[in-house]
Amino acid sequence: MARWLVKTEPDECGIDDFARDPKNPITWDGVRNYQARNFLTEMAEGDDVFIYHSSCKHIGVAGVVKVARAAYPDPAQFDPESPYYDGKSTREKPRWKAVDMLFQRKLERLITLDELKGIAGLDDLPLVRRGSRLSVMPVSDEHWQIILQQEKRN
DNA sequence: GCCAACGTTGGC
DNA sequence: GCCAACGTTGGC
């Protein structure tokens, strides 16, 4: 089973939005970057996913969700009203994918980007790399454990 | 196919 | 709000 991390702006959709209605999956749509899309496509039902809060006051890993439905065509790309509309995408050959994700748990505390940057073992995690804009990325078992261990620290 | 211009991301 | 880094676009 693979593990992942996705970035999100908590004002748009953060871990609290998952927690508010924990039985209801949320559609992870609007990914408009090819590398990120390719990772989305690799996600399998049941995979664990870190929710990372970006572009906000408290930046860091906030919780865990799981993939409830593997990749399918992102409905937003066909909706002219959506900010994620892509006129060049067709239903026959959809360009973009979405997955559904289900709440697992909120971390006991936010694991901040700042502290993640200080952990040598995470050097090759795209998240902590300077200038990295990748919004969906795989997380190795080792990295996953390292990040979770931080939760128990003060 | 190159690459300058432009738009976006995202930390600060 | 600033701006560095990056991805995409489009002229050539």
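Residue numbers begin at 1 in each chain, while the letters A, B, ... track the order of the sequences.
Taking the side chain of A/Asn33 as heavy atoms from C-beta on, and the options B/dG11, B/dG10, C/dG7, the nearest nucleotide is C/dG7. Considering only the side chain of A/Ile59, B/dG11 comes nearest among B/dG10, B/dG11, C/dT9. Comparing C/dT8, C/dT9, B/dG11 against the side chain of A/Tyr52 picks out B/dG11 as the nearest.
For A/Asn38 and C/dG7, the CG to C1' distance is 14 Å, given to the nearest whole Å. Between the CG atom of A/Leu110 and the P atom of B/dG11 there is a distance of 12 Å, given to the nearest Å. For the pair A/Asp86 CG and C/dT8 P, the interatomic distance rounds to 12 Å; values are reported in whole Å. Atom pair A/Leu113:CG and B/dG10:C1' shows a separation of 10 Å (rounding to whole Å applied). Across the protein-nucleic acid pair, A/Glu9 atom CD and B/dT9 atom C1' stand 9 Å apart, rounded to whole Å. Rounded to an integer number of Å, the gap from A/Tyr34 OH to C/dT9 C1' is 12 Å. One interatomic measurement links the two molecules: CG of A/Asp114 to P of B/dG11, which rounds to 11 Å at whole-angstrom precision. Rounding to whole angstrom units, CG of residue A/Leu116 and P of B/dG10 are separated by 15 Å.
By the 4.5 Å heavy-atom criterion applied to side chains, A/Leu110 and A/Val61 are not counted as neighbours.
Nearest heavy-atom pair, A/Ala98 versus A/Leu40, reported as atom, atom and distance to 0.1 Å: CA-CD1, 4.4 Å.
Looking only at atom types and distance, the side chain of A/Tyr72 has a donor-acceptor partner in the side chain of A/Asp100 under 3.5 Å away.
Residue contacts shown for A/Lys57 are absent, as no nucleic acid heavy atom lies under 4.0 Å away. Backbone-only engagement by A/Ser54 is indicated by non-hydrogen atom pairs under 4.0 Å involving sugar-phosphate atoms exclusively.
Applying the 4.0 Å criterion to OP1 and OP2 of B/dT9, one finds that A/Lys7 has every side-chain N and O outside that range. Residue A/Arg130 places no side-chain N or O under 4.0 Å from the OP1 or OP2 atom of C/dA4. Side-chain N/O atoms of A/Lys117 include one lying less than 4.0 angstrom from OP1 or OP2 on B/dC12.
At most 12 heavy atoms of other shown residues, nucleotides or ligands fall within 6.0 angstrom of atom CG in A/Asp114.
In this structure, the side chain of A/Gln77 engages the main chain of A/Arg95 through a donor-acceptor pair within 3.5 Å.
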